[in-house]
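Notes follow the structure.
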2 protein chains.
Amino acid sequence: MVKRTSFEGDGCPIARSLEAIGDWWSLLIIREALFGLRRFGEFQSKLGMAKNILSVRLRSMVDHGILALAPASDGSAYQEYVLTPKGRGVYPILVALRQWSEEFDEHPEQIATILVDRAKGRPVKKLEMRAEDGRLLSPADTMLKPRPASRRRSA
Amino acid sequence: MVKRTSFEGDGCPIARSLEAIGDWWSLLIIREALFGLRRFGEFQSKLGMAKNILSVRLRSMVDHGILALAPASDGSAYQEYVLTPKGRGVYPILVALRQWSEEFDEHPEQIATILVDRAKGRPVKKLEMRAEDGRLLSPADTMLKPRPASRRRSA
DNA sequence: CAACATAGTTTCATAATGCAACCACTGGAG
DNA sequence: CTCCAGTGGTTGCATTATGAAACTATGTTG
């Protein structure tokens with residue numbers, strides 16, 4: 001077997017995320033879905049991607065519980081793809097990707113849009129990582145701990 | 001031309017990020033680099049990936065300014081791959097991916113590690129998005145604004 | 001029902017991935 | 001200096017994924 005390696009059984013949560021949304025198109029589809037796109041044709045024309053690839057990606061994300069098929073919305077007999085809570089939960093990942101470009105892109109003048117606070121119209125701050133008690137954490141303030149073994153039964 | 005579509009000229013900063021690190025392996029390589037790995041063989045054996053693929057990815061990330069080639073470190077004549085500031089800036093993206101798995105993964109019992117506050121050993125909070133004035137923002141509190149045209153010269 | 005739009009699937013060519021084998025250079029041992 | 005294992009790749013070939021275009025099956029409109 002020479003299949004593309006799967007991270008499905010991997011214990012690393014980053015690898016597990018990539019398994020679901022780590023391809024070229026999924027995150028862009030989710031970005032458009034967060035903007036309100038729902039129909040196959042909308043995704044296809046907005047993203048300009050091949051229909052067969054779109055078809056595969058949509059099905060995969062439905063299987064992963066990121067999108068769900070909804071029966072209608074405008075009364076027609078067609079279906080729509082709507083984000084589940086898991087799908088909407090991708091939002092911080094998109095913000096992180098966006099901010100990385102905004103900060104480090106070599107051609108920032110090519111970036112078309114900036115994410116702003118709707119109330120003030122001012123750019124949002126960089127994502128912050130905080131401790132339970134509210135302290136702002138830097139990468140060096142964190143570490144990885146083995147997940148505590150959850151007893152499988154018995155209360 | 002039937003090449004894989006490139007997002008290089010795209011105005012969307014998310015697409016531009018994906019252009020650089022949106023493939024199956026780059027983010028995992030950066031994750032290991034953040035843990036201190038530097039040598040070709042270290043990445044190869046830790047990630048278990050094919051050497052030719054690793055070679056291509058490392059070169060690509062060097063070209064993108066994410067990694068830099070450093071002449072040594074232990075005195076040997078070999079080279080090392082070290083993260084640039086741009087590379088270390090990927091950290092929030094990895095945290096976001098990790099937290100997405102921690103929150104939504106269908107088999108959370110398979111997740112091996114959790115990210116904790118080093119001082120207290122307690123899990124870190126979810127990444128927070130704040131306005132310039134410190135208000136906590138939800139996705140609905142934000143919007144996209146066209147990037148202000150930067151005058152090209154003259155002061 | 002004719003004509004058109006939507007939402008795909010199929011076909012075929014090309015590009016990316018993965019494994020294994022091969023090769024160049026390094027660093028020591030003798 | 002020579003031999004030889006280890007490091008850091010590259011090359012070749014098979015398989016899989018991607019992409020463009022053509023085709024199909026419904027739905028929808030006049």
Side-chain angles (χ1 to χ4, degrees), chain A residues 1-10 15 18-29 32-33 36-64 67-82, chain B residues 1-10 15 18-29 32-33 36-64 67-82:
Chain A
M1 254 214 296
V2 209
K3 270 183 73 85
R4 171 149 84 174
T5 51
S6 158
F7 305 129
E8 206 153 343
D10 198 300
L18 293 176
E19 178 72 22
I21 53 175
D23 64 273
W24 277 89
W25 288 110
S26 292
L27 283 167
L28 295 177
I29 293 169
E32 297 304 332
L37 299 202
R38 292 158 160 259
R39 295 279 284 261
F40 186 95
E42 291 179 319
F43 291 113
Q44 203 268 320
S45 63
K46 190 78 197 308
L47 291 169
M49 65 189 293
K51 301 204 297 179
N52 52 348
I53 306 299
L54 177 57
S55 179
V56 170
R57 288 287 165 268
L58 289 173
R59 201 184 349 263
S60 163
M61 289 199 282
V62 169
D63 291 345
H64 277 94
L67 294 171
L69 280 166
S73 137
D74 62 344
S76 80
Y78 293 115
Q79 296 192 60
E80 295 183 341
Y81 297 89
V82 297
Chain B
M1 256 211 300
V2 210
K3 270 182 73 84
R4 172 150 84 176
T5 50
S6 158
F7 304 130
E8 206 153 344
D10 199 299
L18 294 176
E19 177 71 24
I21 53 175
D23 65 274
W24 278 88
W25 288 110
S26 291
L27 283 167
L28 295 177
I29 293 169
E32 296 304 333
L37 298 202
R38 293 159 161 260
R39 296 280 283 260
F40 186 96
E42 289 178 320
F43 291 112
Q44 202 268 321
S45 63
K46 191 77 197 307
L47 290 169
M49 65 188 293
K51 300 203 295 181
N52 52 348
I53 307 298
L54 176 58
S55 179
V56 169
R57 288 287 164 269
L58 289 173
R59 203 183 348 262
S60 163
M61 289 199 282
V62 169
D63 290 347
H64 278 93
L67 294 171
L69 280 165
S73 137
D74 62 344
S76 79
Y78 293 113
Q79 291 193 337
E80 295 183 340
Y81 297 90
V82 296

Just the rounded figure in Å: distance from [atom2] of [N] to [atom1] of [X].
X      : N       : atom1 : atom2 : answer
L58(B) : dT17(C) : CG    : C1'   : 16 Å
K51(A) : dT24(D) : NZ    : C1'   : 10 Å
L54(B) : dA16(C) : CG    : P     : 17 Å
W24(A) : dA16(C) : CH2   : C1'   : 11 Å
Q44(A) : dA20(D) : CD    : P     : 10 Å
L69(B) : dT7(D)  : CG    : C1'   : 15 Å
D74(A) : dT28(D) : CG    : C1'   : 11 Å
W25(B) : dA16(C) : CH2   : P     : 18 Å

Does [X] put a side-chain nitrogen or oxygen below 4.0 Å from OP1 or OP2 of [N]?
X      : N       : value
R39(B) : dT7(D)  : no
R59(A) : dG8(C)  : no
T5(B)  : dT18(D) : no

Item checked: CG on D10(B) to CG on L47(A), rounded to 0.5 Å ->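 Here the rounded value is 9.0 Å.
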Margin query: Need to verify one output field. Residue with the more 5' nearest nucleotide on DNA chain D, V56(A) or G75(A)?
Written below: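 It is V56(A) whose nearest nucleotide is closer to the 5' end.
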Residue [X], side-chain atoms from C-beta onward, closest of [options]:
X      : options                   : value
F40(B) : dG8(D), dG18(C), dT10(C)  : dG8(D)
I53(A) : dG8(C), dT18(D), dT26(C)  : dT18(D)
S55(B) : dT10(D), dT28(D), dA21(D) : dT10(D)
S76(A) : dA17(D), dT9(C), dT28(D)  : dT28(D)
N52(B) : dG12(D), dT18(D), dT28(D) : dG12(D)

Next item on the list: Please name the residue in the list R57(B), K51(B), R59(B) that meets the side chain to side chain contact (heavy atoms under 4.5 Å, CB included) test with S55(B).
Entry: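 Only match with S55(B) under side chain to side chain contact (heavy atoms under 4.5 Å, CB included): R59(B).
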Note to self: Tell me whether the rings of F43(B) and Y81(B) are parallel (<30°), tilted (30 to 60°) or perpendicular (>60°).
What the structure shows: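 Rings of F43(B) and Y81(B): perpendicular, as their planes differ by over 60°.
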Next item on the list: Indicate, yes or no, whether a donor-acceptor pair under 3.5 Å links the base of dG27(C) to the side chain of Y78(B).
Entry: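 Side chain to base: no pair below 3.5 Å.
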Next item on the list: Pick base, sugar-phosphate or nothing for F43(B), based on heavy-atom distances below 4.0 Å to the nucleic acid.
Entry: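 The residue F43(B) makes no contact with any strand.
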Item checked: Test item: W24(B) and T5(A) side chains (from C-beta on) under 4.5 Å apart, heavy atoms ->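 Side-chain contact under 4.5 Å: no.
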Note to self: Could you check whether D74(A) pairs with R39(A) (Lys NZ or Arg NE/NH1/NH2 to Asp/Glu carboxylate O, under 4.0 Å)?
What the structure shows: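 Salt bridge: yes.
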